[in-house]
Amino acid sequence: MTTTKKLSVIGTGYVGLVYAVCMAELGHDVVAIDIDAEKIAKLGAGISTIYEPGLDDLLRKHLCSGRLRFTTAYEVAAADFVFLAVSTPSTPEGAADLRHVRAAVQQIGENTRGAHPIIVNKSTAPVGTSDTLDYLLARQNGVGGHEFEIVANPEFLREGSAVQDFFHPDRIVLGANDPAAAHAVAELYAPLEAEIVFTDPKTAEMIKYASNAFLATKISFINEIASICEGVGADIGDVARAMGMDPRIGSRFLNPGLGFGGSCLPKDVRALNYLGAVHGAHPQLLNAVLQINADQRRRVIRILRDSLGSLESRVITLLGLAFKPGTDDIRDAPAVDLARLLMNEGAIVHAYDPFAMRSFSALFPQVEMFEDAYAAAGHADALVVATEWEEFATLDLERLHKIMQTPLIADCRNVLERARVLDAGFACFGVGTGIAGLGAVQRRTTRRVRTVPATNQTGVAAS
Ligand SMILES: NC(=O)c1ccc[n+]([C@@H]2O[C@H](COP(=O)([O-])OP(=O)(O)OC[C@H]3O[C@@H](n4cnc5c(N)ncnc54)[C@H](O)[C@@H]3O)[C@@H](O)[C@H]2O)c1
């Protein structure tokens with residue numbers, strides 16, 4: 001049976017919100033805190049601010065059960081545990097920016113009023129951050145040495161299956177100098193029956209960075225192999241599948257595509273790269289992983305330019321804006337880079353995504369959004385599949401062929417059956433398979449004076 005504890009969760013983004021809601025489901029009393037008053041008002045009214053399968057129902061359930069509250073006030077004095085889940089974005093140099101962590105810790109220090117909750121850090125932060133938190137809290141309260149117990153508890157949830165991941169974690173990592181504090185946190189997770197790794201804070205922090213860097217490396221590796229496959233005429237699909245059958249390699253994260261994106265892998269590899277460099281290492285592998293990832297986006301621009309002659313005033317439709325299916329998150333998404341690069345070449349960008357159009361529109365007001373893939377593809381010179389949403393695999397290609405200006409598809413996630421695309425009369429680019437059927441594009445070389453119809457535009461779909 002769960003012993004109910006009082007938890008304060010600082011930050012109600014993808015991690016903090018999921019965590020707060022799921023901890024309420026485990027039977028704890030949770031107060032979720034954020035500086036964003038608009039977000040807190042929505043969440044308090046039962047409106048989820050992110051798209052995450054299964055989250056809405058649990059959010060409403062626990063607002064009703066009374067086990068979950070949202071506030072902008074730092075209600076930490078009565079808490080047994082304070083969880084930090086604020087953002088740690090990249091600085092221009094690639095380091096993890098601890099501004100939000102420092103601000104949150106200052107608020108915790110000012111509002112604990114003599115109480116000593118265990119501070120649990122879930123934000124991904126550089127190795128040594130637990131010591132920094134310890135120091136900051138003690139200094140703020142005028143204590144010479146150590147005052148609060150700090151536990152590093154890195155988060156491994158995957159957006160798109162975050163609720164499922166919370167209840168079925170692969171492992172839980174707890175790094176603390178005080179074993180009693182680590183075991184107190186472990187008690188909270190007891191109902192999950194997960195394997196727990198008890199270690200010291202620095203090692204826990206490193207486990208998070210090393211895990212993300214390894215996943216990113218796997219993606220850049222298969223993308224590099226895909227490029228070589230294109231050159232030599234080997235089949236990347238079979239290569240990846242057969243490699244994945246080796247249990248030492250494993251099949252996951254071996255899909256060639258546009259490279260890794262999202263709020264974690266890019267910034268965490270950059271942060272580890274920076275951390276290594278300023279601690280005397282020469283992280284050549286991490287540099288290459290980042291470089292390959294950036295090139296994966298750029299080469300699509302070259303392929304489109306080479307196929308169409310020039311991208312000036314060409315309409316390019318992006319299908320998929322989220323960094324992966326199952327989420328509305330566009331942070332460091334390949335589509336963000338593609339849109340920027342395409343517009344820099346003079347292209348007109350149209351787009352469709354089932355969930356991410358609102359945030360994309362906020363970033364790129366000049367990109368027109370459409371209600372579905374077909375509306376977005378009308379009069380386009382190329383279709384670029386940038387996210388592997390399931391609905392794109394079954395697109396009606398004959399219908400697309402009729403409505404597009406130029407029959408060119410860059411299937412950058414390899415979701416479409418290549419033979420089907422070519423049979424439908426398209427030129428087709430695939431990652432690892434290269435471009436084929438260019439004759440189809442050349443047959444429509446006469447460039448008509450373009451009038452882009454405004455009637456298709458639907459505005460931004462609600463997410
Ligand atoms: N998103 C993921 O999939 C994921 C997975 C594992 C780890 N992480 C890590 O978890 C941390 C949070 O990530 P996220 O994706 O939830 O970020 P996010 O940007 O979605 O959410 C962060 C929230 O913190 C709030 N915030 C910022 N400063 C604050 C302060 N001083 N006090 C209270 N609230 C404050 C923001 O308003 C925002 O709502 C990051 O360090 C990230 O690297 C994220």
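In this text, all values refer to a predicted model and were calculated from it rather than measured experimentally. Order of listing sets the numbers, starting from 1, for every ligand and every atom in it.
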[X], [atom1] atom: more than 12 neighbouring heavy atoms under 6.0 Å:
| X | atom1 | value |
| --- | --- | --- |
| H146 | NE2 | yes |
| K218 | NZ | yes |
| Y135 | OH | no |

Just distances here: any N/O of [X] and N/O of ligand 1 closer than 3.5 Å?
| X | answer |
| --- | --- |
| K39 | yes |
| V15 | yes |
| D36 | no |
| D34 | yes |
| K208 | no |

Minimum non-hydrogen distance to atom 26 (N) of ligand 1, winning option of L157, V86, D268 | V86
Would you mind finding which of F323, Y19, F156, Y14 brings a heavy atom closest to atom 20 (O) of ligand 1?
->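 The residue whose heavy atom sits nearest atom 20 (O) of ligand 1 is Y14.
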Return a table of donor-acceptor pairs under 3.5 angstrom between the side chains of residues 113-129 and protein atoms on other chains or two or more places apart.
from: H116; atom 1: ND1; to: G114; atom 2: O; distance (Å): 3.3
from: H116; atom 1: NE2; to: E147; atom 2: OE2; distance (Å): 3.0
from: N121; atom 1: OD1; to: S123; atom 2: N; distance (Å): 3.0
from: N121; atom 1: ND2; to: S123; atom 2: O; distance (Å): 3.3
from: K122; atom 1: NZ; to: N153; atom 2: O; distance (Å): 3.0
from: K122; atom 1: NZ; to: N153; atom 2: OD1; distance (Å): 2.8
from: K122; atom 1: NZ; to: E155; atom 2: OE1; distance (Å): 3.3
from: S123; atom 1: OG; to: V86; atom 2: N; distance (Å): 2.9
from: S123; atom 1: OG; to: V86; atom 2: O; distance (Å): 2.6
from: T129; atom 1: OG1; to: P126; atom 2: O; distance (Å): 2.6

Please work out whether any backbone atom (N, CA, C, O) or any side-chain heavy atom from C-beta onward of [X] is under 4.0 Å from ligand 1, and answer side chain, backbone, both or neither.
| X | result |
| --- | --- |
| K267 | side chain |
| Y74 | side chain |
| S123 | both |
| R331 | side chain |
| I35 | both |
| S87 | both |
| A125 | neither |

For [X], counting its heavy atoms only, list the atoms of ligand 1 lying under 4.0 Å from any of them.
| X | answer |
| --- | --- |
| T88 | 40 (C), 41 (O), 43 (O) |
| C264 | 2 (C), 3 (O), 4 (C), 5 (C), 6 (C), 8 (N), 44 (C) |
| G13 | 16 (O), 18 (P), 20 (O), 21 (O), 23 (C), 39 (O) |
| E159 | 1 (N), 2 (C), 3 (O) |

Identify which one of Y14, F83, F81 satisfies the ring pair (Phe, Tyr, Trp, His ring centres under 6.0 Å) criterion when paired with Y19.
-> F83
With side chains defined as the heavy atoms from C-beta onward, is the minimum distance between F156 and D170 less than 4.5 Å?
->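 The answer is no, as the side chains (C-beta and beyond) never meet within the 4.5 Å cut-off.
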Is the backbone N or O of P89 less than 3.5 Å from a side-chain atom of D97, with the two atoms forming a donor-acceptor pair by type?
-> no
Just need the protein heavy atom nearest to atom 24 (O) of ligand 1, so name the residue and atom and give the distance.
->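 Looking at atom 24 (O) of ligand 1, the protein heavy atom closest to it is G11 CA, 3.5 Å.
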Salt-bridged, K5 to E187, with N to O below 4.0 Å?
-> no
Determine the interplanar angle of the F355 and W389 rings, folded into 0 to 90°, and report it as parallel if under 30°, tilted if 30 to 60°, perpendicular if over 60°.
->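 Tilted: the ring planes of F355 and W389 meet at 30° to 60°.
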Per salt bridge (Lys or Arg N to Asp or Glu O under 4.0 Å), D332 is matched among R297, K267, R340, R270 by R270
Passing option when Y352 is tested against E371, E368, E391 for side chain to side chain donor-acceptor pair (under 3.5 Å) | E391
Yes or no on side-chain contact (heavy atoms from CB on, under 4.5 Å) for V173 and K208, after CA distance, side-chain angles and deciding distance?
-> CA-CA 9 Å; V173 174; K208 174 64 188 172; over 6 Å; no
